[in-house]
Amino acid sequence: MLEHDVLVIGAGLAGMRAALSAQETGANVAVVSKVHPVRSHSNAAQGGINAALTDRGDDWNDHAYDTVKGSDYLGDQDAIEIMCSEAGQELIDLEHMGVIFNRDDRGLLGTRAFGGQQKARTFFVADFTGQAMLHVLYEQLMKSSIRVYEEWFVLSLIIEEGMCCGVTAFEIATGRIYVIRAKTVIMCSGGVGRVFEPSTNALIVTGDGIGQAYASGASLMDMEMIQYHPTTLKGSGVLITEGARGEGAYLLNSEGKRFMETYAPNMMELASRDVVSRAEQTEIDQGRGVDGCVYLDLRHLGEDLIRERLTQIVDIGQDFAGVNIINEPIPIRPGMHYIMGGIKTDVNGRTNIPGLYAAGECACVSVHGGNRLGANSLLDTVIFGRRSGVHAAGYASEQEFTEFDVQGYIKGYERKLQSIADRQEGERWAQIRNDLGKGMDQYFGVYREENGMQILLSRIEDCKKRYEKVVLQDRGTIFNTDLVFTLELGFMLDCAETIVRSGIERKESRGAHSRTDYPLRNDKDWLKHVVVSKTDNGPQISHLPVKITKWTPEERKY
Amino acid sequence: MQVIVSVNRFNPKDNNGKYWEDYNLEIEENATVLDALIKIREETDGSLAMRCSCRSAICGSCAMRVNGHARLACNTKLADMTDEAGMIKVEPMTNFPVIKDLVVDQQMFWDKVKQVSPWLQSEGPEPKGEYVASNESMNQLAGVMACIMCGACVSDCSVMEVDKNFIGPAALAKAYRFVGDPRDSKSVERLGVLNEYSGIWDCTRCYECVEVCPKGVAPMDRIMALREEAISVGYGDTMGARHADVFSDLVEDSGWLDELRLPIKTVGIFNLPALLNFAPVGLRALVKGKMPAIFHHNVPNVQNVRNLFKRVRNDQNKDG
């Protein structure tokens with residue numbers, strides 16, 4: 001029998017941080033992940049991690065204010081205060097673990113400027129901060145001897161008597177199905193990027209965990225808040241770090257003008273991401289783009305700075321766009337990047353299901369509200385990953401394992417997967433996934449409106465019907481990725497539906513949710529979260545008030 | 001453009017063993033090898049197994065051999081690799097057991113990484129704030145931290161092909177990351193372990209790892225840096241270190257390598273068991289007419305070579 005006090009799903013930054021802190025708290029911990037930990041998408045975070053260090057003359061209250069303002073006042077301020085006040089110590093802990101942050105002239109941690117913030121408080125490792133942190137956390141995981149169920153795909157959460165008490169999963173290499181029993185489960189499975197096509201996200205980012213939690217009765221919150229990153233490469237949609245603008249790069253339109261002057265005269269290119277993406281989209285829509293893009297111009301920064309601090313994007317420009325960024329501007333456009341919403345949790349990672357926790361991008365605390373600031377996502381993963389791990393371990397120490405029919409779950413899933421394999425006529429996952437992604441891109445872009453979202457909703461419903469008849473080409477048991485993608489698609493469709501339903505529900509423009517039919521923010525009616533839960537009668541929408549501690553909503557200007 | 005992607009396939013459940021399967025496809029000019037494989041998987045053959053995720057050379061999932069060398073499929077342009085017939089050959093990495101098609105078992109790879117205790121070990125109480133370290137010291141580690149553990153260097157390592165015990169380029173580069181870290185206090189102990197059999201001295205400097213590394217980590221250069229570091233902290237008495245010394249002495253003496261005396265002086269003239277080990281090689285060389293000359297002549301103007309050595313030594317003393 002496989003059983004653990006704490007079982008973490010996902011081995012990105014949130015998952016590994018949760019696992020390490022749960023073990024330090026005294027729990028028997030394991031991690032289950034559909035990819036090897038260092039392949040996780042946390043790798044892709046380039047620019048850095050925010051923290052206000054007091055010995056650098058910074059104040060976490062200022063960081064919190066920038067975050068609240070960035071969220072367009074939808075972020076819960078109690079959670080934001082926790083994240084920002086604990087950031088400094090967390091950063092130092094990461095440094096002690098071995099992260100090789102960039103230093104200043106005195107040999108202390110150095111900072112760079114990032115969007116939406118009054119002060120430079122982003123700590124970084126060149127332009128691969130996420131990778132540098134992910135590999136160091138994996139070093140700690142190797143040291144800890146925490147068991148990792150590597151390349152195991154979780155099929156579902158097991159809920160008995162209203163409590164989460166484990167998972168059903170299959171080992172991709174052999175196709176065998178297992179039950180892993182656990183006193184607590186921490187969902188750290190990442191975002192939903194591939195629900196959109198294109199997206200900056202890795203191919204593995206398919207919302208499995210959000211879908212599984214939703215299917216088990218967990219509430220999802222702020223799902224309509226989808227972040228479009230201002231600088232993604234033309235064509236492939238590969239991400240160009242905000243660090244480029246942090247180091248001083250310009251955004252130019254077809255007339256060679258720094259168009260941000262019109263939209264954010266004070267912060268210019270470093271306004272928050274929703275503002276910059278909207279500005280770019282407006283320039284493109286009004287005919288001042290070039291081939292559906294605008295330009296990111298780094299030429300004036302000089303070769304030395306670019307090579308030291310923006311190493312990776314020199315290669316990205318060359319490999320994926322054939323552009324030498326030292327001599328030429330790069331064609332870029334807004335691209336789907338991140339979901340602010342997710343599984344609703346409290347500040348200790350607890351969901352509405354006892355025994356189920358969530359942290360990282362799949363969770364919604366909510367610290368990002370309507371729009372996440374650059375370099376707050378890495379911070380979110382480690383702060384709330386750690387807090388969930390500690391809390392889950394404490395909770396597990398007071399619990400017994402729940403007894404249930406383990407073989408029943410295994411047999412049930414064997415039958416289910418066999419029935420998929422037995423289907424002979426229907427479409428494959430790829431066609432449906434592509435139609436879904438294109439639809440999300442078309443009708444749930446930087447700007448959206450009622451009619452488009454309704455068309456999109458019926459397209460998703462149609463995709464769901466097609467999905468019921470999806471067929472496999474690979475019916476074998478060894479490393480069957482055809483089956484993995486098919487199962488992922490089921491979760492993606494559920495995520496898409498909750499995103500669009502939440503989007504239709506919010507009848508105003510706030511943060512990343514910009515509706516052309518409701519162009520203004522409406523605090524009177526909509527200073528509240530949209531929550532969606534699964535019921536026997538389909539998705540049920542409800543609302544929760546925003547927690548406001550110190551900062552009353554005001555007009556947002558950059 | 002029209003291309004033929006020839007994939008080396010394998011599924012342990014069939015009894016076909018390894019075989020080549022050709023896929024013909026139409027794809028845009030600037031597509032990558034990964035784009036082509038994804039297109040095959042989505043449109044033609046869902047049973048084709050491979051790992052891939054980020055599509056931007058950061059996750060390290062899609063290392064495989066393209067036309068005989070390990071590469072990341074995601075940052076390799078298809079058009080750069082096709083031959084006149086528009087064909088490329090794609091195989092799983094070597095030096096790894098194959099699970100299915102392009103998917104290899106990386107257990108041994110990670111076991112070797114674990115062998116170098118790959119975590120920071122500092123001594124004494126942790127400072128309240130961060131460790132103070134120069135930006136240069138951190139930047140030179142950034143080059144190694146850029147390693148994404150894709151396994152390309154291990155795949156094409158010519159030593160691992162013949163000696164499965166060799167820790168290998170990826171794990172040794174990882175070791176360098178700690179030996180070179182001013183915050184780590186165990187570098188002498190680490191070097192002691194790496195100095196043993198299957199460690200830093202087993203690299204033959206074939207340069208393959210440097211050639212195939214998609215992130216510019218240059219594992220072999222890190223291994224050479226570890227050798228120098230090992231000697232400088234006092235691990236001079238190994239076969240490898242002596243080999244390096246004797247090599248240099250012989251060249252300084254005669255101006256070129258004395259291949260007969262190199263092995264003898266390296267193991268020691270009185271080390272009979274080791275010398276007897278050379279006998280079969282020596283005999284084979286004799287039979288094939290490849291035995292080095294017993295009387296080794298100096299090159300003409302050998303003094304020039306000796307002067308070069310002198311100048312290098314003087315420069316080093318100045319630096320030191």
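The chains referred to below are lettered A, B, ... by the order of the sequence lines, with proteins before strands, and numbering in each begins at 1.
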Would you say the side-chain atoms of [X] and [Y] include a donor-acceptor pair closer than 3.5 Å?
| X | Y | answer |
| --- | --- | --- |
| B:Thr32 | B:Asp35 | yes |
| A:Ser189 | A:Asp208 | no |
| B:Gln140 | B:Tyr176 | yes |

Contact class of [X] relative to chain A, heavy atoms under 4.5 angstrom:
| X | result |
| --- | --- |
| B:Arg55 | both |
| B:Val103 | side chain |
| B:Ile38 | side chain |

Only pairs of heavy atoms separated by less than 4.5 Å count here; which of [options] has the most with chain B?
| options | answer |
| --- | --- |
| A:Gln131, A:Arg194, A:Lys143, A:Arg103 | A:Arg103 |
| A:Asn480, A:Leu134, A:Ile478 | A:Ile478 |
| A:Leu108, A:Asp482, A:Ile100 | A:Ile100 |
| A:Glu308, A:Arg475, A:Arg106 | A:Glu308 |
| A:Gln431, A:Glu151, A:Arg433 | A:Glu151 |
| A:Gln89, A:Gln140, A:Arg56, A:Glu150 | A:Arg56 |

Exercise. Would you name the heavy atoms of A:Lys34 and A:Ile204 that are closest together and state the gap between them?
Key: NZ-O, 2.8 Å
Practice problem: Name all residues meeting the salt bridge (charged side-chain N to carboxylate O under 4.0 Å, His left out) criterion together with B:Asp156; count only those two or more places apart in sequence or in a different chain, and write none if there are none. | Solution: B:Arg65
Self-check item: Contacts of residues 105-114 of chain B with chain A (heavy atom under 4.5 Å)
Solution: B:Gln106, B:Trp110, B:Val113, B:Lys114
Quiz item: With sequence neighbours left out, what residues match A:His135 under ring pair (Phe, Tyr, Trp, His ring centres under 6.0 Å)?
Solution: none
Throw together a table of side-chain donor-acceptor distances under 3.5 angstrom for residues 121-128 of chain B, partners on residues two or more places apart or in other chains.
from	atom 1	to	atom 2	distance (Å)
B:Ser122	OG	B:Tyr131	OH	3.0
B:Glu123	OE2	B:Lys186	NZ	3.4
B:Glu126	OE1	A:His96	ND1	3.1

Quiz item: Which bit of A:Thr200 is near chain B, if near means a heavy-atom gap under 4.5 Å: side chain, backbone, both or neither?
Solution: backbone
Quiz item: Which atoms of A:Asp93 come close to chain B, meaning under 4.5 Å heavy atom to heavy atom: side chain ones, backbone ones, both, or neither?
Solution: neither
